[in-house]
Q: 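Take this structure, written in structure tokens, and hold onto it; I'll ask about it next.
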Amino acid sequence: MGKDKSRFSNNINIKNKKAFYNFEIVDKYIGGIVLKGTEIKSIREGKANLTEGYAFFKGDELYTKGVHISPYLQASFQNHEPGRERKLLLSRKELDKIKSRLEEKGLALIPLRLFLNDRGLAKLELGLGKGKKTHDKRDSIKEKDVKRDLQRAKLI
């Protein structure tokens, strides 16, 4: 029997809005994430939070920490730990490139978006970013206000 692709809801798109406010994103990468069964079920329900998350290297492998995936309510005693470290799956070439760029001063690897691809697999979009100063954050707020005012003016 063929698999029914309609069972995968591709509308899961969990964003880290704080990342764009606190960091200037220089480069983006998309990789897989190693999950347990109850974690993917919680993600499909949209119960994940990326705001406190970050990625780091442990040896030659990339891991994420602080990505909060809520426990699955219908699970038994084998539920997962919400903030555990999760391994990220990227090609060796990408990992080497990221590792060399992270050695530069002031760069951090932040989760930007957690989504399901067309095959129903969870993917994590990572951003290589520099931290913004306070005055840069004020500029971002001003730009957002101007865009909102322009949109309102067009609607009237």
Side-chain angles (χ1 to χ4, degrees), residues 8-73 75 79-151:
F8 298 124
S9 59
N10 291 334
N11 58 356
I12 300 300
N13 191 10
I14 301 162
K15 294 181 181 178
N16 184 357
K17 294 175 185 171
K18 236 181 179 183
F20 292 99
Y21 178 72
N22 291 328
F23 294 93
E24 178 186 334
I25 305 302
V26 179
D27 209 354
K28 292 182 183 179
Y29 301 93
I30 294 178
I33 183 167
V34 178
L35 298 170
K36 293 185 175 181
T38 55
E39 290 174 326
I40 190 67
K41 289 179 181 183
S42 287
I43 289 172
R44 286 193 179 122
E45 290 180 350
K47 295 183 177 177
N49 188 351
L50 305 174
T51 53
E52 299 296 320
Y54 62 94
F56 65 96
F57 278 93
K58 190 188 282 187
D60 281 343
E61 296 179 337
L62 189 63
Y63 288 84
T64 184
K65 187 161 179 116
V67 174
H68 182 85
I69 300 175
S70 298
Y72 186 58
L73 296 176
N79 220 330
H80 64 275
E81 183 183 327
R84 73 178 186 91
E85 292 179 3
R86 295 174 183 89
K87 185 177 177 181
L88 296 173
L89 306 170
L90 286 100
S91 68
R92 174 59 43 205
K93 188 177 179 182
E94 285 180 315
L95 287 173
D96 292 339
K97 185 177 178 182
I98 292 170
K99 196 168 190 174
S100 65
R101 300 270 317 262
L102 276 177
E103 291 171 359
E104 292 178 27
K105 188 178 178 186
L107 288 178
L109 198 57
I110 308 109
L112 301 175
R113 187 170 68 108
L114 180 62
F115 63 97
L116 298 179
N117 69 359
D118 57 341
R119 292 176 48 205
L121 300 174
K123 300 289 181 178
L124 189 66
E125 183 178 19
L126 299 166
L128 198 61
K130 289 184 179 182
K132 285 185 182 178
K133 302 274 190 270
T134 309
H135 56 83
D136 294 333
K137 291 179 185 178
R138 278 190 238 126
D139 292 341
S140 297
I141 292 170
K142 285 179 188 175
E143 286 177 27
K144 195 188 296 184
D145 289 342
V146 168
K147 285 181 183 177
R148 189 181 321 115
D149 291 341
L150 286 173
Q151 286 294 325

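Position 1 is the first residue of the sequence; numbering continues from there.
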Q: Kindly determine whether Lys123 and Ile30 satisfy side chain to side chain contact (heavy atoms under 4.5 Å, CB included), including the steps that lead there.
A: CA-CA 7 Å; Lys123 300 289 181 178; Ile30 294 178; 4.1 Å; yes
Q: Please indicate whether Glu45 has more than 12 foreign heavy atoms, meaning atoms of other residues, nucleotides or ligands, lying under 6.0 Å from its CD.
A: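 Counting other residues, nucleotides and ligands, CD of Glu45 exceeds 12 neighbours.
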Q: What distance separates Glu143 CD from Ser140 OG, expressed to the nearest 0.5 Å?
A: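 One finds 6.0 Å between CD of Glu143 and OG of Ser140.
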Q: A cation-pi test, strictly: NZ or CZ of Lys99 under 6.0 Å from the centre of the six-membered ring of Phe57 and no more than 45 degrees from its axis. Yes or no?
A: yes
Q: Who passes side chain to side chain donor-acceptor pair (under 3.5 Å) against Asn16, sequence neighbours left out?
A: none
Q: Asp96: which residues meet the side chain to side chain donor-acceptor pair (under 3.5 Å) condition with it, sequence neighbours left out?
A: none
Q: Between Glu39 and Arg84, does at least one N-O distance fall below 4.0 Å, as a salt bridge requires?
A: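 Yes, charged N to carboxylate O under 4.0 Å.
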Q: Rounded at 0.5 Å granularity, tell me how far CG in Asn22 sits from CD1 in Ile110.
A: 9.0 Å
Q: Spell out, as yes or no, whether a donor-acceptor pair under 3.5 Å connects the side chain of Ser42 to the backbone of Ser70.
A: yes
Q: The test is salt bridge (charged side-chain N to carboxylate O under 4.0 Å, His left out); show your working for Lys142 and Asp145 and say whether it passes.
A: CA-CA 5 Å; Lys142 285 179 188 175; Asp145 289 342; over 6 Å; no
Q: Please name all residues satisfying side chain to side chain donor-acceptor pair (under 3.5 Å) with Arg113, sequence neighbours left out, ordered by chain then number.
A: Asn13, Glu125
Q: Applying side-chain contact (heavy atoms from CB on, under 4.5 Å) between Tyr29 and each of Leu88, Ile98, Leu124, Leu62, report the one that passes.
A: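 That would be Ile98; it is the only one of Leu88, Ile98, Leu124, Leu62 passing the side-chain contact (heavy atoms from CB on, under 4.5 Å) with Tyr29.
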Q: Mark yes when over 12 heavy atoms from residues, nucleotides or ligands other than Glu85 sit less than 6.0 Å from its CD; otherwise mark no.
A: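 Check passes, neighbour count above 12.
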Q: Pair Arg101, Asp27 - check side chain to side chain contact (heavy atoms under 4.5 Å, CB included), show working.
A: CA-CA 10 Å; Arg101 300 270 317 262; Asp27 209 354; 3.4 Å; yes
Q: For the pair Lys87 and Ile33, evaluate side chain to side chain contact (heavy atoms under 4.5 Å, CB included) and give the outcome as yes or no after the intermediate values.
A: CA-CA 6 Å; Lys87 185 177 177 181; Ile33 183 167; over 6 Å; no
Q: Does atom NZ of Lys18 have more than 12 heavy-atom neighbours from other groups under 6.0 Å away?
A: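 Check fails, neighbour count at 12 or below.
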Q: Has Thr64 got a side-chain atom pairing as donor or acceptor with Tyr54's backbone, closer than 3.5 angstrom?
A: yes
Q: Dump the intermediate steps for side chain to side chain contact (heavy atoms under 4.5 Å, CB included) on Leu50 and Leu114, then the final yes or no.
A: CA-CA 8 Å; Leu50 305 174; Leu114 180 62; 4.1 Å; yes
